[in-house]
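Fair warning: this is a prediction, and the values are worked out from it, not measured in the lab. In what follows, chains are A, B, ... by sequence order, proteins preceding strands, each numbered from 1.
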Amino acid sequence: MRVSKLFGKPSKTEGSDYKIDSHRLLTQAGFIRESSAGRYYLLPLGLKVHEKIIAIVRKHMNKAGAQELVMPILHPLELWQETNRTTTVSFELMKITDRRGAEFALGGTAEEMAVDLIRHFNISYKDLPFNVYQFSNKFRDELRARGGLLRVREFVMKDAYSFGTEDQFKDVYQGMWDTYKAIFNEAGLKVDVVAADNGYIGGDYCHEFVAEAKAGESRYFIDEKSGYAAHEDVATFTIGDKNTEEALKPLQQVAADRGPTMKDGEDFHKLPLWQQVKDVLYFDEATKRYILAVIRGDLDVNETKLMQAAGAWDLRAATEDEIRHDLASEPGFICPVDFVKHGKKTKFPVVIVGDKSLRTARNMYGGANKKHLDHLNINIDRDYKVDIEADIALAQAGVPSPDGNPLVEKRGIEVGNIFQLGYHYSNLMEGAEYTDESGKRQKYYMGCYGIGIGRTLAAIVEANHDQKGIMWPESVAPAKIYLARLGNNPDTTKVADDLYQTLLEKNIDVLYDDRDARPGEKFADADLMGIPYRVVVSDKLVAAKQFELKARSQDEFELLTHAELLQKIS
RNA sequence: CGGGGUGUGGCGCAGCCUGGUAGCGCGCGCGGUUUGGGACCGUGAGGUCGAAGGUUCGAAUCCUUUCACCCCGACCA
């Protein structure tokens with residue numbers, strides 16, 4: 001490609017106020033252009049990279065035995081109703097109606113479509129396991145698009161769906177794990193594999209592939225020694241005992257003229273924060289219940305864990321009005337001891353969920369469900385009982401991982417994930433069955449596996465750039481060589497044109513800067529676009545029968561003969 | 001959806017408070033001088049001032065409504 005003819009030339013002023021490096025660089029370098037919020041044009045250079053990433057994904061998926069196909073983008077709405085996901089997906093489904101009034105969802109993920117496809121085939125156990133995948137545009141009506149390609153409303157995703165038996169699943173899952181590692185490795189992206197919450201997709205466990213980046217939205221924790229890695233939603237840690245050998249003291253009520261915060265309690269009683277009982281009151285809109293989360297004062301409630309423990313779906317904080325009037329308590333003085341006394345009728349049922357940390361401290365203190373009244377020496381079991389006892393604590397940097405070493409907090413971009421779906425969809429969708437050895441119908445055990453192509457592209461830029469611009473890994477670079485011609489001398493032009501032809505014939509991706517521009521501009525654009533190697537042909541060099549070769553990542557260049565150059569870059 | 005902000009040539013902005021000829025820089029076209037890290041001179045094209053309504057002799061500017069976009073929060077490939 002000649003830069004003089006390139007559609008989407010670099011422009012340093014374009015989008016100069018963007019906050020995210022990848023957003024700014026990709027825009028300035030002429031790879032992407034915003035259409036409307038969260039929807040982007042991929043310009044020729046951007047498409048080139050996009051396709052290189054797709055080729056890498058395809059190669060490794062095929063190697064793993066997965067089979068590529070394409071599904072419709074419009075999904076019959078009945079399918080989403082069949083799995084009850086028209087209301088439960090967290091991203092807003094986009095809908096469209098045809099002239100006959102048939103309703104479709106614009107696909108945001110395609111579990112239902114995959115199941116619907118395979119249930120119309122007569123499949124025997126001999127065909128199992130198998131894995132089908134596609135690259136297709138996905139639509140998600142995100143509340144807020146942001147960060148350039150990091151979070152958009154329309155994007156290409158590689159989504160794969162595996163079908164098999166429960167026994168086979170472990171190998172299939174591990175196979176995709178290894179495949180993903182190979183994919184991101186080849187694309188030049190370092191990723192951490194972290195355990196995560198499976199959210200709206202369904203199933204019991206899943207892993208995210210996260211590229212560490214400041215701009216990332218995923219917070220996760222890793223134990224660098226043992227390799228334990230988990231998203232903050234699911235990260236577990238060891239809760240050390242505090243004063244479990246202390247004798248139980250009698251429960252007391254004391255006047256407490258203090259404010260409503262944890263700090264107020266700490267200051268008033270002059271006792272450590274960990275000894276305070278923290279009570280957070282939620283309301284679950286899905287199951288219409290109050291959920292009181294109780295936890296040791298130095299810890300925070302992890303709402304994901306809480307929802308799982310309590311079987312809740314749609315948590316919100318309880319209002320002050322609900323706390324005072326329906327639950328007869330007081331914000332800042334909530335306490336599990338005598339919380340909603342017997343006989344008192346509330347509008348909605350109450351569930352008390354206690355964190356395991358409550359067993360690591362004794363003689364705790366906290367409110368008494370009345371303004372300016374506190375309890376001292378609160379002890380679980382003796383003074384109050386919880387309906388559900390579970391780990392509902394949010395991990396913090398520095399606390400010991402389950403393997404004992406301190407957790408390190410990181411931020412990153414989730415570029416892919418693998419989900420165990422189990423029988424979730426087979427149970428919800430009738431006829432998702434194969435014939436087993438004895439001729440009986442059996443449900444499929446499923447998994448699904450996604451990679452966001454555009455997000456991967458942006459993550460690569462986040463991880464590979466400097467002050468001057470992008471630094472593409474060779475495997476995904478839009479071109480391998482940036483050929484800059486300096487000067488208009490006919491000899492120089494001839495040498496540069498010839499070299500360009502030679503490289504094209506050798507099938508080496510080359511971007512030929514044949515513009516009548518000054519050297520500084522060409523060099524700056526080469527750096528901004530991030531092409532791995534720069535070759536210079538100039539009047540002086542031509543006179544000396546030399547070519548200059550420089551790697552984007554390096555400051556020094558070398559002078560080579562024509563033969564040496566071709567040998568080096570082929 | 002809650003909070004904050006912005007809409008003026010392709011891009012970045014000024015003008016708005018205090019109503020009266022739409023301006024600057026970059027980019028783009030043309031002519032010329034330049035050519036190893038984003039040159040310079042001359043010249044030219046390009047704007048229903050986000051949209052609708054209102055006030056006024058007169059609105060980019062004041063008022064009302066509305067839309068879009070950005071940033072922070074709750075969600076995800």
Sugar-phosphate only, base, or nothing, as touched by A/A517 at under 4.0 Å among non-hydrogen atoms: base

Criterion side-chain contact (heavy atoms from CB on, under 4.5 Å) on A/H207 and A/Y173, from CA distance to verdict: CA-CA 10 Å; A/H207 288 86; A/Y173 194 79; 2.8 Å; yes

A/H562 ring center within less than 6.0 Å of A/F547 ring center: yes

Sugar-phosphate, base or nothing in reach of A/G416, heavy atoms under 4.0 Å: sugar-phosphate

Rounded distance in Å between the P positions of B/C49 and B/C30: 30 Å

Sugar-phosphate only, base, or nothing, as touched by A/A524 at under 4.0 Å among non-hydrogen atoms: base

Pi stacking test for A/F523 and B/G36: under 5.5 Å apart, planes under 30°: no

B/U6 versus B/C62 - spacing of their P atoms, nearest Å: 13 Å

Nucleotide N/O of nucleotides 7-13 of chain B paired with protein N/O under 3.5 Å:
unit_1, atom_1, unit_2, atom_2, d
B/C11, O2', A/T13, O, 2.6

Partner nucleotide of B/U34 by Watson-Crick or wobble geometry (both distances under 3.5 Å): none

Nucleotide forming a Watson-Crick or wobble pair with B/U21, both distances under 3.5 Å: none

A/R144 side-chain N/O to B/C76 phosphate OP1/OP2 under 4.0 Å: no

For residues 526-540 of chain A, tabulate all N or O donor-acceptor pairs below 3.5 Å that involve a side-chain atom, not counting sequence neighbours.
unit_1, atom_1, unit_2, atom_2, d
A/R534, NH2, A/E548, OE2, 3.4
A/S538, OG, A/L541, N, 3.2
A/D539, OD1, A/T492, OG1, 2.4

Distance in angstrom units between A/L528 CG and B/G37 C1', rounded: 14 Å

Under 3.5 Å on both distances, the Watson-Crick or G-U partner of B/U61: none

Between A/R289 and A/T287: side-chain donor-acceptor atoms closer than 3.5 Å: yes

Spacing of the C1' atoms in B/U61 and B/A45 (rounded, Å): 28 Å

Can you give me every donor-acceptor pair (side chain of residues 477-488 of chain A, partner residue at least two apart or in another chain, under 3.5 Å) with its distance?
unit_1, atom_1, unit_2, atom_2, d
A/K480, NZ, A/I569, O, 2.8
A/Y482, OH, A/D513, OD2, 2.6
A/R485, NE, A/G487, O, 3.3
A/R485, NH2, A/N488, OD1, 3.2
A/R485, NH2, A/D514, O, 3.3
A/N488, ND2, A/D516, OD1, 3.0

Sugar-phosphate only, base, or nothing, as touched by A/V156 at under 4.0 Å among non-hydrogen atoms: nothing

Proximal nucleotide (of B/G36, B/A77, B/G38) relative to the A/E521 side chain: B/G38

Separation between the C1' atoms of B/C11 and B/C69, rounded to whole Å: 16 Å

Sugar-phosphate, base or nothing in reach of A/L315, heavy atoms under 4.0 Å: nothing

Modelled atom types, side-chain donor and acceptor of A/S136 and A/K138, under 3.5 Å: yes

Separation of the C1' atoms in B/A51 and B/A59, to the nearest angstrom: 15 Å

Donor-acceptor pair present, A/R534 side chain and B/G37 base, under 3.5 Å: yes

Touch class at under 4.0 angstrom, heavy-atom based, for A/D159 against every strand present: nothing

B/G44 to B/G27 separation - C1' atoms, rounded to the nearest Å: 14 Å

Complementary nucleotide of B/A68, counting Watson-Crick and G-U pairs under 3.5 Å: B/U6

N/O (side chain, A/R518) to phosphate O (OP1/OP2, B/A39) under 4.0 Å: yes

P atoms of B/G54 and B/G73, separation to the nearest Å: 42 Å

Same-atom distance (C1') from B/A22 to B/G58, integer angstrom: 16 Å

Partner of A/D525 by salt bridge (Lys or Arg N to Asp or Glu O under 4.0 Å), out of A/R515, A/K12, A/K9: A/R515

Sugar-phosphate, base or nothing in reach of A/E208, heavy atoms under 4.0 Å: nothing

